[in-house]
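Have a look at the structure below before the remarks.
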Number of protein chains: 2
Amino acid sequence: MLISAAAFDASPTAGQTLPLYQRLAAHYSTAIVLGTLKAGERMPSVRELMARHDISLSTALQVLRYLEEQGSLEARPRVGYFVRAMGTGLPLTSEPDLSQPVQPNPHAHFVGINEHISLLLERGRQAEVYMDIGGCTPPPELFDHVFLNKTVTRLLREHPTLLSQGRSLLANQGNHPLFQQAMARRALASGIRVAPADVLATTGNSEGVSLALAAVASPGDMVAVESPTYYGLLQVVESLQLQTLEIPCSPRTGMSIEALELAFQTQPRLKAVVVVPDLQMPLGARMPDEKKARLVALCAAYGAALIEDDSYGLFVEGAQVKPLKAWDSASGHVIYCQAFNKSLAPGLRQGWMNGGQWHGRIQMLKFAQSRNTQTLGQLVVAEVLGSPTHQRSMEKLRQQLKRQREAMARLVARHFPVGTRMSLPSGGLCLWLEFPQQMSTSELFTAALARGIRIAPGSMFSNSGRYEHCMRLACTHPVNELMERAMKDLGAMACQQLKQSPRS
Amino acid sequence: MLISAAAFDASPTAGQTLPLYQRLAAHYSTAIVLGTLKAGERMPSVRELMARHDISLSTALQVLRYLEEQGSLEARPRVGYFVRAMGTGLPLTSEPDLSQPVQPNPHAHFVGINEHISLLLERGRQAEVYMDIGGCTPPPELFDHVFLNKTVTRLLREHPTLLSQGRSLLANQGNHPLFQQAMARRALASGIRVAPADVLATTGNSEGVSLALAAVASPGDMVAVESPTYYGLLQVVESLQLQTLEIPCSPRTGMSIEALELAFQTQPRLKAVVVVPDLQMPLGARMPDEKKARLVALCAAYGAALIEDDSYGLFVEGAQVKPLKAWDSASGHVIYCQAFNKSLAPGLRQGWMNGGQWHGRIQMLKFAQSRNTQTLGQLVVAEVLGSPTHQRSMEKLRQQLKRQREAMARLVARHFPVGTRMSLPSGGLCLWLEFPQQMSTSELFTAALARGIRIAPGSMFSNSGRYEHCMRLACTHPVNELMERAMKDLGAMACQQLKQSPRS
């Protein structure tokens, strides 16, 4: 323990009126960020803190609990507190009011989220960009392309007419039996019983969620979504002429069940709920099992479809996730969707779904709107997913993403404005940043783009306008000098907007 | 000329009250079917007929004109009449009343075309089938799979991370520049000016037409379609909660312009017209250029979107087609869609579209609903389409299909009931058969399926119920002994239903 009591100035500095325990916590946070206190190291005990800073028992306890809540420390029962690997010292994303659905911002000039998002994406595309921390697809070098290409070449050798076959030669409307079996087997391993014949191959996941919504809701109906949520979902909902109702999300445990229940009680046209239960996009929340069970039961009670996007569960580190669909018993009201764009091969655009009680209708819609999904992609995924080579690649990818997330978090802690809060996901492709309220990330987007950096501003993740001071930070790129330069630059721009001096 | 006058019995047989010229025409038809009169041979002249059958000049002329109308003969000015290659002697598909839109059959028990079609397809799938003359995708051996597979392997060698790349690395929302250039160049060659940046890659053609309709019409709006039309379109229209209005089609020149104009005058919610201008599916009609120009102008005058599916133009034999889009000048109200499923590689599911004035909205919908289309497929098509190898394969495919169509037509003429009429397309994958009115092809479908033969009954091609006595006959399979057995068997079942004795 290298931090001396003398290093901490207990007197409130000008303009700071934080309580003593928070100032002490910030002191230790800084030590963690600077590496003075290292990951895995033991934090001074309650007694040590009391003696060192001449504070009361209750203040010392507050310091430790606050640091734990922020994700900087973890408690080990009967041993003490330890510095977490992710311990950047930044406060965690704030818990919103979870009691009721989000009211859309009446002052927002609402032009349609599709148009808003398309405009941002288009502006991002047309700019000269040297660093993209907006998009969340890992770069090609993070995938095992040699193995992928070998698999394709081998499959074409083994099935020479694969690309020349229409769906009539395949069972099940173009869903290849090998793909169906592979997906059903995987599902079973995570507690879901799906017959292979009820596996529907989709183009990525947007198609799955889009088909699910089209099957269960009609124009004018309402769909409950997480707030914030991934912008692709907002686009799908709007393109189907449905209404979104945003349900607040805890950054730790995901969608609020109370708020959703209130929504069911007050909104008769609420037909469907879309949830990313594990590593919610963009918050990274993971819904505990008990809450998953309650969510499934609640939707069943109100006869609503529960549409689950389980594409990120694969990125949870060190744990096997149990999807919502595992709690769906007889009623079949959970629609399960999963894609492998971000975990196996972005270029294949391969996903699958099971539509529960709506499976027949979904198959019909899929067939009407885009016929079958390419067979080659199905076979590649079926072959690759089960292989030990891919298991190793996936573990490598998870570890690489973890390192990148931690490195990015440290860069945020070092360069971003005082008062920035951050999510603490247990896996995945991104972090969610919350700046002080007066920040506009739309302005930051424009400023950053002019300097060659593409970000995803908070306004893309909600129709409510309440995330204008937030942004999603992709952690998909290796952190090299260029990234350090970009993050320092972005941090300075953010500080400037808030009239803070640059942190470094 | 081997048919003697003695072989023709001029006396009306029991139950036959056909005029003399028709009975004489039938006599010569039979000679053509039996091969006594061969393709390319000269037909007896007017004088010869008059002398041989002791008939008047006007009757002899009637015989020749009737055989010409039926497609058995072609006139060569100042030389005489010659037997056509397709000359089966069967009467041509009848011209419907082209004066007004088709009224839906009020007596039909309408359960939704999607459900009707899905049910038929599902029944077809579950049966043990040895011959499929329902589906219109050519079998794998008709495509050049060696060249296709080589192209894929080479592309993966040249672009090793192709499958590992997300769309963010590509310009234009996942539309690969090489694909865009290749399509724009092809379009230009057929008279269409499309900037490469305005080429949108789609999954097959269903997606293109589906996106186009979603972009231009809202639930409850009306869409004019050809009658009969391909069932995929009826499914798309229904899945988008739009109404179809069927416009009668001439089996020669396609959609009736008068009926469409009447529809525009009386149906204010008519927002879009979907047309297959060349080798209309299933009739095989080809719209003459002058009619194409009128159709484009009519839709412009009523501010409606004209959605063109140009996937079959590639199959027109011996002619370059000029798509409707070539007549679309400033207004941009023609939406062009083309797919290569049936001409290049059914397994790739690759198509493209240009949305004219709605292109931006279509891109937005595509992005929301299924993101980008796989890059590999785009590159394969771009590479293969332009190659001389593919030009040769395509010509071979057209010739093969022509031989198959002619062979199938002969089998129909030999085995199918008296009174069967048939289309005479100048290319393509199928024939359209019209049985005497009392025939039910739904019953024939059931009977045939029980004997291992899958057909596409007329009820799949319309919501009006008016094609119950028709069927589409796929000519995609080589005509071998098994096919001859199936066609003989099917013919006998059809004769039985009509209480005719089998023809052979």
Side-chain angles (χ1 to χ4, degrees), chain A residues 114-115 118 121 125 132 135 137 139-143 145-146 148-149 152-153 156-157 160-169 171-173 203-204 206-207 210 214 218-219 232 235-236 238-239 241 341 345-349 360 363-365 367-377 380, chain B residues 114-115 118 121 125 132 135 137 139-143 145-146 148-149 152-153 156-157 160-169 171-173 203-204 206-207 210 214 218-219 232 235-236 238-239 241 341-342 345-349 363-365 367-377 380:
Chain A
N114 249 332
E115 204 165 320
S118 300
L121 293 175
R125 246 191 310 278
D132 181 13
T137 301
E141 60 268 25
L142 262 54
F143 296 97
H145 67 261
V146 176
L148 266 175
N149 295 352
V152 171
T153 312
L156 290 179
R157 207 168 47 231
T161 59
L162 196 56
L163 299 176
S164 317
Q165 281 179 17
R167 71 180 175 281
S168 58
L169 298 176
N172 266 321
Q173 292 193 319
T203 302
S206 315
E207 190 181 53
S210 170
S218 298
Q235 291 179 293
V236 168
E238 188 181 278
S239 73
Q241 303 182 44
N341 303 333
L348 276 180
R349 311 276 315 115
Q363 265 189 313
M364 208 184 268
L365 288 173
F367 191 68
Q369 289 177 13
S370 72
R371 294 287 187 266
N372 55 308
T373 301
Q374 208 202 59
T375 314
L376 177 63
V380 172
Chain B
N114 248 332
E115 204 164 321
S118 300
L121 293 175
R125 246 192 310 277
D132 181 11
T137 300
E141 59 268 25
L142 261 55
F143 297 97
H145 66 262
V146 175
L148 265 175
N149 295 354
V152 171
T153 312
L156 290 179
R157 206 167 48 233
T161 59
L162 196 57
L163 299 176
S164 315
Q165 282 179 16
R167 71 180 173 281
S168 59
L169 297 176
N172 266 322
Q173 292 193 322
T203 303
S206 316
E207 190 182 51
S210 170
S218 297
Q235 291 179 294
V236 168
E238 188 181 277
S239 74
Q241 303 183 43
N341 302 334
K342 306 213 165 164
L348 276 181
R349 312 276 312 116
Q363 266 189 313
M364 208 185 267
L365 288 173
F367 191 69
Q369 289 177 13
S370 71
R371 292 287 186 266
N372 56 307
T373 302
Q374 208 201 60
T375 314
L376 177 63
V380 172

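In what follows, chains are A, B, ... by sequence order, proteins preceding strands, each numbered from 1. Keep in mind that this is a model prediction, so the values were computed, not measured.
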Seminar exercise, completed: Nearest heavy-atom contact between Asn149(A) and Leu163(B) is OD1-CD1, 3.9 Å

Seminar exercise, completed: Per-residue tally against chain A (heavy atom, under 4.5 Å) across Gly377(B), Gly347(B), Ser218(B) peaks at Gly347(B)

Exercise. Which answer fits Val236(B), side chain, backbone, both or neither, if we ask what part of it has an atom under 4.5 Å from a heavy atom of chain A?
Worked result: both

For this session: Could you have a look at Val152(A), Leu348(A), Thr153(A) and say which one has the most heavy-atom pairs with chain B under 4.5 angstrom?
Result: Leu348(A)

Problem set entry | Spacing of Leu376(B) atom CG and Gln374(A) atom CD [to the nearest 0.5 Å] | 6.5 Å

Problem set entry | Most contacts with chain B, counted as non-hydrogen pairs under 4.5 angstrom, among Gly204(A), Ala214(A), Gly232(A) | Gly232(A)

Seminar exercise, completed: Note: Arg349(B) and Asn372(A) closest approach over all heavy atoms is NE-O, 2.7 Å

Seminar exercise, completed: Closest heavy-atom pair, Ser239(B) versus Leu365(A), reported as atoms and distance to 0.1 Å, is CB-CD2, 3.3 Å

Problem set entry | Least distance between heavy atoms, Pro140(A) atom then Gln165(B) atom | CG-CG, 3.5 Å

For this session: Specify which of Glu207(A), Gln369(A), Gln235(A) makes the most heavy-atom pairs with chain B at under 4.5 Å.
Result: Gln369(A)

Exercise. Out of curiosity, Arg371(A) CZ to Thr137(B) OG1, how far, rounded to the nearest 0.5 Å?
Worked result: 9.5 Å

For this session: Measure distances from Ser210(A) to the heavy atoms of chain B and classify the residue's part below 4.5 Å as side chain, backbone, both or neither.
Result: side chain

Exercise. Can you say whether Leu162(B) sits under 4.5 Å from chain A via the side chain, the backbone, both, or neither, judging by heavy atoms?
Worked result: backbone

Exercise. What part of Gln241(A) lies closer than 4.5 angstrom to a heavy atom of chain B: side chain, backbone, both or neither?
Worked result: side chain

Seminar exercise, completed: Heavy atoms of Leu148(B) and Ser164(A) approach each other most closely as CD1-OG, 3.8 Å

Problem set entry | Part of Leu142(A) lying under 4.5 Å from any heavy atom of chain B | neither

Exercise. Where do Thr161(B) and His145(A) come nearest, in terms of heavy atoms and distance?
Worked result: CG2-ND1, 3.6 Å

